[in-house]
Amino acid sequence: MSIEEKFHGRRSSKRYQRMNKESHPAIRTELPGPKARALLARDAEVVSPSYPREHPFVMSHGRGVEVWDVDGNRFLDFAAGIAVCSTGHSHPQVVQAIKNAADEFLHISPDFSHERQIALGEKINALSPMGEPVLSFFCQSGTEAVEGALKLARYVSGRSRFIGFLGGFHGRTMGSLAFTASKCTQQQGFATMPGVTHVPFPNPYRPLFAGDDQGQAVLNYIENVLFVSNLPASEVAAILVEPIQCEGGYIVPPDGFLAGLRQLCDRHGILLILDEVQSGVGRSGKMFACQHWNVQPDIMTLAKGLGSGLPIGLVVAKKTIMQQWKPGAHANTYGGNPLCCAAALVTLDLIEREYAANAEKVGAHFMKRLRELQSQYPVIGEIRGKGLMIGMELVSDRASRAPCTASCHAVITNAFHRGLILLSCGQSTVRFMPPLMVSVAQVDEAMTLLEAALLEALAQ
């Protein structure tokens, strides 16, 4: 299949070129343009096909919320590298911090210390995610952070089993993949780590249990069904959960669920691991999403937005827990890279000073605009989220709430051709996760493009 056929299908490229120019003057060529097509053809010859490649986009450069492809087309990036570019593309303060660090040295193994790593550990401790002193283990990604958290939980508890949640996403390496349950294709063909039991994540829009409080229903299921009939609580090392389920559909749990989970863990001596890889670092309007419910975990994983685009992850744990690790119990080669630590220090400062508050403020405006759109189009079943992690679930009809995957795909594709980069999550949810410094004006511009994309999808 050619690049043209893969991304255009039966569409007329001339029609789309005309439509793009009329709908958004920043789109200067058909998509993909000639330079992008040539690069995508080269990509197909040498890069693993396992990467989804959602759009035929080949990046040239970016600034803030805006990105340009190699053909000069300008887009609003409301995917932010999957919630990674928290301070926007190439924030000047982040870039300068990286340059300063690079001038000094690029790497020193974890056998030795350096000041930027120590300073980042001190910063995380000062943010007090657990309400008591914490230690941090440094790594390069979210999946590695999850792997470290799982090893730590087994090490200190002496227990071997875990509980995860259906719809959760925690990474693709063998340990974290055992918990990932947002799409069956992610586990298909791999024999993952044993010892993980999955339970439903409480979704008020799509309830699986009887009763109005789906959070309490899930807690009752764990306590009174799972622990009685299948899984001895005394063998569970930890429960791993996202405070807001991300790849599963940007699902916000009912109030009281995380607090109830914390109490359940405490009753049975189970560690609570909160995966804040996507929801943390200001994305939800607070530094950590669990702060919306005043819940403090035993272990937390961070990555994505922590480095504004540089690869860094952290396992953060109560000092009383992580200090039980002996030297050599867990280590890596690149953890605490000086460039990544420099980027993270500036990122946390920017988010703490202004961007978390901006996420809360602009996110509220964004939700308001989306709910206005919902009132006009029955295909929009629900708008949900916190801060600048927002989901718009599309349905065949509001009575059945049947997921409308085709409309979701069409909206995202149409938006791309108009100059708005989006991704999906869940079965049929359009996901909005722009950089945390996005402005109200940029949200309003995105809304114009989104409505046009939605109208075209409905016409199709």
Before accepting this row, confirm whether a basic side-chain N of the pair [X]/[Y] lies closer than 4.0 Å to the acidic partner's carboxylate O.
X      : Y      : result
Glu360 : Lys386 : no
Glu66  : Arg74  : yes
Asp69  : Lys35  : no
Asp298 : Arg262 : yes
Arg206 : Glu393 : yes

(Q) I'd like to check Tyr51 versus Pro49 (side-chain heavy atoms, cut-off strictly below 4.5 Å). Are they in contact? (A)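 No, too far: nothing below the 4.5 Å cut-off.
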
Do side-chain atoms of [X] reach the backbone of [Y] as a donor and acceptor pair under 3.5 angstrom?
X      : Y      : result
Asn125 : Gly121 : no
Arg283 : Leu388 : yes
Arg154 : Ser160 : yes
Arg384 : Tyr250 : yes
Gln187 : Leu177 : yes
Ser176 : Thr173 : yes
Asp71  : Asn73  : no

Rounded at 0.5 Å granularity, tell me how far [atom1] in [X] sits from [atom2] in [Y].
X      : Y      : atom1 : atom2 : answer
Leu120 : Thr347 : CG    : OG1   : 9.5 Å
Asp349 : Glu354 : CG    : CD    : 8.5 Å
His365 : Leu370 : NE2   : CG    : 9.5 Å
Phe201 : Ser182 : CZ    : OG    : 12.5 Å
Asn332 : Asn337 : CG    : CG    : 10.5 Å
Thr87  : Leu436 : OG1   : CG    : 8.0 Å

Flag for [Y]-[X]: side-chain donor and acceptor within less than 3.5 Å:
X      : Y      : answer
Glu104 : His114 : no
Ser279 : Glu276 : yes
Ser50  : Ser48  : yes
Gln186 : Thr180 : no
Trp293 : Asp255 : yes

Q: Look at the aromatic rings of Phe209 and Tyr221 and report parallel, tilted or perpendicular, splitting at 30° and 60°.
A: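 Plane angle between 30° and 60°, so tilted.
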
**Q.** Parallel, tilted or perpendicular: ring planes of His55 versus Phe416, cut at 30 and 60 degrees
**A.**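 Parallel: the ring planes of His55 and Phe416 meet at under 30°.
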
Looking at [X] and [Y], what are the two nearest heavy atoms and their distance?
X      : Y      : result
Gln117 : Phe112 : OE1-O, 4.5 Å
Leu422 : Arg431 : CD2-O, 4.1 Å
Asn358 : Val438 : ND2-O, 2.9 Å
Gly307 : Ala343 : O-CB, 3.6 Å
Leu310 : Leu339 : CD2-O, 3.6 Å
Ser284 : Ile244 : CB-CD1, 4.5 Å

[atom1]/[X]: more than 12 non-hydrogen atoms of other groups inside 6.0 Å:
X      : atom1 : result
Gln140 : CD    : yes
His409 : NE2   : no
Lys123 : NZ    : yes
Leu226 : CG    : yes
Phe190 : CZ    : no

Q: Given ring pair (Phe, Tyr, Trp, His ring centres under 6.0 Å), test His107 with Tyr334 step by step and report yes or no.
A: CA-CA 8 Å; His107 173 72; Tyr334 294 102; 5.4 Å; yes

Q.
Taking the six-membered ring for Trp, are Tyr155 and His330 closer than 6.0 Å centroid to centroid?
A.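 Not close enough - the centres of the two rings lie 6.0 Å or further apart.
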
Q: Begin with the C-alpha distance, continue with both residues' side-chain angles, and end with the deciding distance and a verdict on side chain to side chain contact (heavy atoms under 4.5 Å, CB included) for Leu271 and Val156.
A: CA-CA 10 Å; Leu271 296 172; Val156 301; 3.6 Å; yes

Q: Using the side chain to side chain contact (heavy atoms under 4.5 Å, CB included) rule, take Gln216 and Leu219 through it: C-alpha gap first, then chi angles, then the decisive distance, then the call.
A: CA-CA 5 Å; Gln216 187 58 51; Leu219 295 171; 4.1 Å; yes

Q. Just checking, Arg401 and Tyr205: is the charged tip under 6.0 Å from the six-membered ring centre and within 45° of the axis?
A.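 Ring-cation test returns yes.
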
